[in-house]
Amino acid sequence: MGPAKSLPMNMFMMYMAGGGVSIFPIMMVGMMLFRPLKALFSVNSTFKPLESPATGAMIIHKLIFCLGNLGAIGLAIYKVHTMGLLPNTPSDWLEFIPQPGRAQYSIIDEVFI
């Protein structure tokens with residue numbers, strides 16, 4: 001339950017970091033993304049000391065641990081979205097849209113426009 005318990009504190013920290021694009025909020029969001037990803041890749045090693053024949057595989061506990069970490073990743077992605085760093089509008093992808101051809105041309109005083 002550790003990752004889920006830390007979500008309110010992380011939400012407050014993200015709020016206090018501000019919404020501007022500067023080094024401090026970007027570092028906060030970077031750590032907010034990196035720590036849960038690192039924890040998700042080491043779930044089995046995290047629960048290895050707790051597993052025994054009496055406790056079993058602890059699947060439900062691992063699932064709750066993963067859901068808490070996914071919530072932290074979701075919070076970090078939301079913060080990146082509110083900072084305006086996620087390319088999620090059509091205007092963010094204008095570079096990849098082919099330019100339309102001209103429908104008509106004008107000639108004024110022998111200057112081709």
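Remember, predicted model here, so these are calculated numbers, not experimental data.
Between Leu94 atom CG and Gln99 atom CD the span is 9.0 Å, to the nearest 0.5 Å.
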Under 3.5 Å, side-chain donor or acceptor atoms of residues 3-32 against the rest of the protein: list the pairs with distances, not counting sequence neighbours.
unit_1: Ser6; atom_1: OG; unit_2: Pro3; atom_2: O; d: 2.9
unit_1: Asn10; atom_1: ND2; unit_2: Ser6; atom_2: O; d: 3.2

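Within the structure, every pair that satisfies the salt bridge (Lys or Arg N to Asp or Glu O under 4.0 Å) test and touches residues 57-75, not counting sequence neighbours, is listed here: Glu51-Lys62. Residue pairs meeting the ring pair (Phe, Tyr, Trp, His ring centres under 6.0 Å) criterion with at least one partner in residues 43-74, sequence neighbours excluded, are Phe47-Phe65.
For Tyr78, the side-chain contact (heavy atoms from CB on, under 4.5 Å) criterion is met by Thr82, not counting sequence neighbours. Not counting sequence neighbours, the partners of Ser42 by the side-chain contact (heavy atoms from CB on, under 4.5 Å) test are Ser45, Thr46. The side-chain contact (heavy atoms from CB on, under 4.5 Å) search around Leu40 returns Cys66, Asn69, Leu70, Ile73, not counting sequence neighbours.
Side-chain heavy atoms closer than 4.5 Å link hydrophobic residues (I, L, V, M, F, W, Y) into clusters, and following such links, even through other members, never connects Leu75 to Phe34. Hydrophobic clustering, with ILVMFWY side chains joined whenever heavy atoms are under 4.5 angstrom apart, groups Ile77 together with Met83.
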